[in-house]
Amino acid sequence: MSCHTGNMFKSELLNSPISEDAGRKHDKLLQAIKAMNDIEEVLIGVEKFHPQWYCLLKSVDTRVDRILSALRPQIFADHRALLVSLGWPPKLFLSNSGNDRITDLPNPLVLMQEDKRRNYSRSFIALCALQHLQKRREERQLNNNNLIEIDTQYKQLWAIDELVSPIASRMEYHFTKWSEQPEYMFALAYKVTRDFIAGIDGVLQPLIDKARLVSCSAKEAWVSAVVQMLSGFLEKNVFSLLAERYKVKHLKSNVSSSWLHLVDLTIAFDKKMQFLLNLETCFLAVSESFEGQSRGVSVLSIFCNRPDWLKIWAKIEFKNAWKKLNTELKEEKSWVISRICKPGIDNNQEYLLLAVEDYKAPPIAEFFLKIICDIIERCKTMPSILSRAQFIRFTAGRLLWYFFKLLLFQFKAKELRLDNSDNVAIVMMCGLINAARYIWIKLHEWSDTIEFLEMKIAENDAGKPIQDNTMDNGCFFNEEIRSLSEMETNWLMEIIAVVLRQFEMLSWEYVQNDDSFKDNRDITNLREDVDLVVSDDFVEALYALKSWLQTVKINLNRKDFLDLWRSIAEGLDHYISGSIVRNEVWFFKVGANQFEADIQALIFIFQPYCVRPQAFFPCIGEILKLLKLKKEEVKLMQTLLSNNENGFECLHLYGISNLSVNQVLQVLRCKIWVG
């Protein structure tokens with residue numbers, strides 16, 4: 001230390017007035033700071049390679065702190081005196097109209113004479129060097145932990161803060177007069193920032209570069225300092241008062257309106273300040289997703305430090321959003337499915353669903369999602385990722401669950417009839433399913449964005465427990481998506497169950513009548529000699545099924561309709577094949593052909609929805625295959641199945657994979673009796 005410092009820390013030098021040799025004093029100050037930087041370099045090496053010298057390190061730190069405690073106040077005092085001599089802060093002149101509007105502001109930094117510019121540059125560089133030294137010492141003392149927090153703290157430059165501090169007192173004088181007109185506060189803060197930002201950037205950025213402060217922006221530091229000044233005033237004098245009034249029941253309504261108005265002004269102000277920063281540089285645009293680098297340029301950072309105020313804001317936003325939604329819910333047209341679809345929506349080609357009309361969702365779904373988007377957008381400038389996530393949980397998340405309950409209530413209020421006479425009910429149910437599907441898609445899209453992935457990571461890092469049995473632990477709206485999927489599936493199953501129950505009721509006589517297929521006419525060529533038509537007992541069931549499918553296809557989105565008709569086909573396959581086997585239906589040759597004709601009519605109903613609908617009736621197809629076997633083939637197959645322990649291998653040879661051995665034997669027994 002002695003070889004570096006000599007007598008440069010003498011009190012006579014530190015306390016010398018600014019009128020003395022400013023250049024000599026500046027050089028000595030920089031030498032002193034350089035000496036302490038050299039000391040810091042030595043201490044870093046000692047701490048790394050000789051950690052056992054802890055007491056020595058502590059002793060040196062104490063001596064350096066003692067020097068800094070004397071040096072720092074003097075540097076700040078000299079810098080402030082220099083600013084006063086430059087005419088800083090400028091006066092905030094009011095316009096002659098008497099309406100408290102501020103005229104254009106002169107910038108003393110731009111108007112400096114050469115000698116004053118030189119002195120200010122020296123003082124600015126000395127202050128930056130001192131801050132850099134302080135940063136290095138704190139990083140070492142914290143053993144390089146929490147570096148993000150340190151970087152956040154030092155995004156504010158002391159030299160910029162010294163410019164903002166005196167002008168803030170003059171601005172706050174006007175702020176106190178505008179307690180009932182906060183828009184004037186934001187207007188003044190924005191005007192001061194805008195009028196000085198060009199001069200700040202032009203004069204101070206070269207000095208920052210000369211001081212070799214990496215990743216420091218004069219514009220960002222200036223904007224951030226003004227924003228923090230305004231945030232501090234609002235936190236102390238405006239939001240604190242509103243928060244206290246919010247606790248009084250009869251004042252809540254007025255407070256909510258004032259709170260929302262203030263937040264509207266805050267969001268607009270934040271966007272304007274971001275625009276000033278992005279006007280000539282893309283630095284913030286690249287790093288705006290990182291919490292530490294953008295924390296100081298948003299007035300909404302108030303809520304990051306006050307979680308109780310964040311909850312109040314969330315409650316007010318939720319009630320306001322629900323009020324808007326509730327008004328729209330009462331409109332009957334909000335639940336009517338739009339008939340506007342894009343070209344090709346009804347053909348069998350692949351296409352991409354993009355708009356609400358493509359999903360055939362009612363307008364209420366789009367209106368609801370717009371409300372959710374607006375809420376999410378309002379907290380977008382909030383710098384803390386975790387606070388943003390909490391706000392969205394309190395507002396958008398809560399609103400989602402309320403809307404899900406509303407959809408569930410609407411669905412339960414409708415009842416499908418087995419005769420399919422209530423067309424309004426099925427249309428309404430399809431609309432609710434479409435709404436659930438549309439919201440499900442949008443939540444998936446949002447969850448895949450970087451913003452929501454960061455919020456999910458922030459929640460996990462904060463110790464939020466991860467639920468078991470989740471579909472995707474990395475998805476922000478995981479629970480909401482899972483709930484929507486369950487509702488959508490359950491509602492589809494209700495429609496499918498009604499369709500199958502009606503089909504079963506109407507075809508009961510057909511499958512239970514043992515005489516349906518006992519036609520023992522000796523017909524050698526059925527197709528040529530007999531014109532088979534659908535069985536009378538089967539016609540009504542087929543007609544009702546076709547009517548259901550046509551109605552649902554018109555009103556249900558493509559994806560869910562695909563699942564629905566395939567599930568119906570699967571249910572019919574099991575029902576008919578199971579009834580044939582269970583009731584031991586006997587088939588004569590013409591009866592077997594009649595059964596095949598009936599099944600072809602059933603399959604024909606599904607022809608508009610796929611190329612090979614018969615593939616969705618595997619059990620019935622295998623029964624038809626067994627009924628077409630010759631008598632010798634039937635006897636051989638019965639023998640193999642009876643003597644072979646592994647009957648499934650035998651079935652596999654005949655291409656039977658869906659029927660069990662017992663079911664196959666039952667069908668063959670009926671066939672052999674007619675032989």
Side-chain angles (χ1 to χ4, degrees), residues 335-339 341 345-348 359-362 407 410-437 487-512 533-579 597-620:
W335 299 96
V336 178
I337 299 177
S338 174
R339 298 299 180 188
C341 295
I345 197 70
D346 289 324
N347 61 30
N348 292 323
Y359 293 95
K360 301 182 181 179
L407 293 179
Q410 291 281 346
F411 193 90
K412 289 182 177 180
K414 303 297 179 182
E415 184 178 355
L416 291 179
R417 298 178 181 177
L418 292 179
D419 58 359
N420 193 20
S421 60
D422 190 359
N423 196 48
V424 176
I426 185 62
V427 171
M428 175 64 75
M429 288 183 171
C430 289
L432 295 173
I433 295 173
N434 295 340
R437 163 60 46 176
M487 281 198 307
E488 188 180 356
T489 302
N490 292 337
W491 295 345
L492 282 174
M493 292 306 299
E494 286 195 32
I495 297 178
I496 292 169
V498 171
V499 175
L500 292 178
R501 280 200 302 270
Q502 185 191 31
F503 187 90
E504 180 182 357
M505 180 184 68
L506 296 177
S507 63
W508 179 258
E509 293 293 334
Y510 174 77
V511 298
Q512 294 296 325
V533 295
V534 180
S535 301
D536 293 340
D537 293 340
F538 204 46
V539 171
E540 188 178 2
L542 294 179
Y543 179 80
L545 175 64
K546 182 179 180 180
S547 176
W548 269 109
L549 291 175
Q550 288 178 340
T551 302
V552 174
K553 183 180 187 298
I554 293 173
N555 296 283
L556 193 62
N557 68 83
R558 182 185 175 96
K559 193 272 177 188
D560 283 324
F561 178 72
L562 182 66
D563 294 340
L564 180 134
W565 77 255
R566 287 182 175 181
S567 298
I568 290 176
E570 181 183 0
L572 294 175
D573 183 52
H574 284 285
Y575 165 66
I576 295 175
S577 62
S579 298
D598 294 338
I599 296 303
Q600 289 299 328
L602 172 64
I603 292 175
F604 182 76
I605 293 176
F606 293 88
Q607 190 69 50
Y609 314 131
C610 71
V611 178
R612 294 184 65 254
Q614 59 269 25
F616 296 94
F617 297 87
C619 295
I620 295 176

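The residues of the chain are indexed from 1 along the displayed sequence. These numbers come from the heavy atoms of this one structure, side chains and all, not from hydrogens, waters or symmetry mates.
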Asks: Does Asn555 reach the main-chain N or O of Thr551 with its side chain, forming a donor-acceptor pair under 3.5 Å?
Replies: yes
Asks: Would a distance-only check, ignoring hydrogens and angles, find a side-chain to backbone donor-acceptor pair under 3.5 Å from Ser547 to Tyr543?
Replies: no
Asks: Verify, without hydrogens or angle tests, whether Lys360 (side chain) and Ile554 (backbone) share a donor-acceptor contact under 3.5 angstrom.
Replies: yes
Asks: Please test Asp537 against Ser507 for side chain to side chain contact (heavy atoms under 4.5 Å, CB included), starting from the C-alpha separation and ending with a verdict.
Replies: CA-CA 6 Å; Asp537 293 340; Ser507 63; over 6 Å; no
Asks: Between Leu549 and Leu564, is there a side-chain heavy-atom distance shorter than 4.5 Å?
Replies: yes
Asks: Could you name each residue pair satisfying side-chain hydrogen bond (donor to acceptor under 3.5 Å, both in side chains) that touches residues 565-574, not counting sequence neighbours?
Replies: none
Asks: Does any part of the side chain of Trp548, heavy atoms only, come nearer than 4.5 Å to the side chain of Ile426, both counted from C-beta?
Replies: yes
Asks: For Asn557, is there any backbone N or O sitting under 3.5 Å from a side-chain donor or acceptor partner on Asn434?
Replies: yes
Asks: Under 3.5 Å, is there a donor-acceptor pair linking the side chains of Asp598 and Tyr510?
Replies: yes
Asks: Are Phe503 and Phe538, when compared by the centres of their aromatic rings, separated by less than 6.0 Å?
Replies: yes
Asks: Are a donor atom and an acceptor atom from the side chains of Trp335 and Gln410 found within less than 3.5 Å of each other?
Replies: no
Asks: Quick one: are Cys610 and Phe616 in side-chain contact, heavy atoms under 4.5 Å?
Replies: yes
Asks: Does any part of the side chain of Leu562, heavy atoms only, come nearer than 4.5 Å to the side chain of Lys559, both counted from C-beta?
Replies: no
Asks: Check whether Gln607 reaches the backbone of Val611 with its side chain - one donor and one acceptor, N or O, closer than 3.5 Å.
Replies: yes
Asks: Would you say the side chain of Leu545 lies within less than 4.5 Å of the side chain of Leu572, judging by non-hydrogen atoms?
Replies: yes
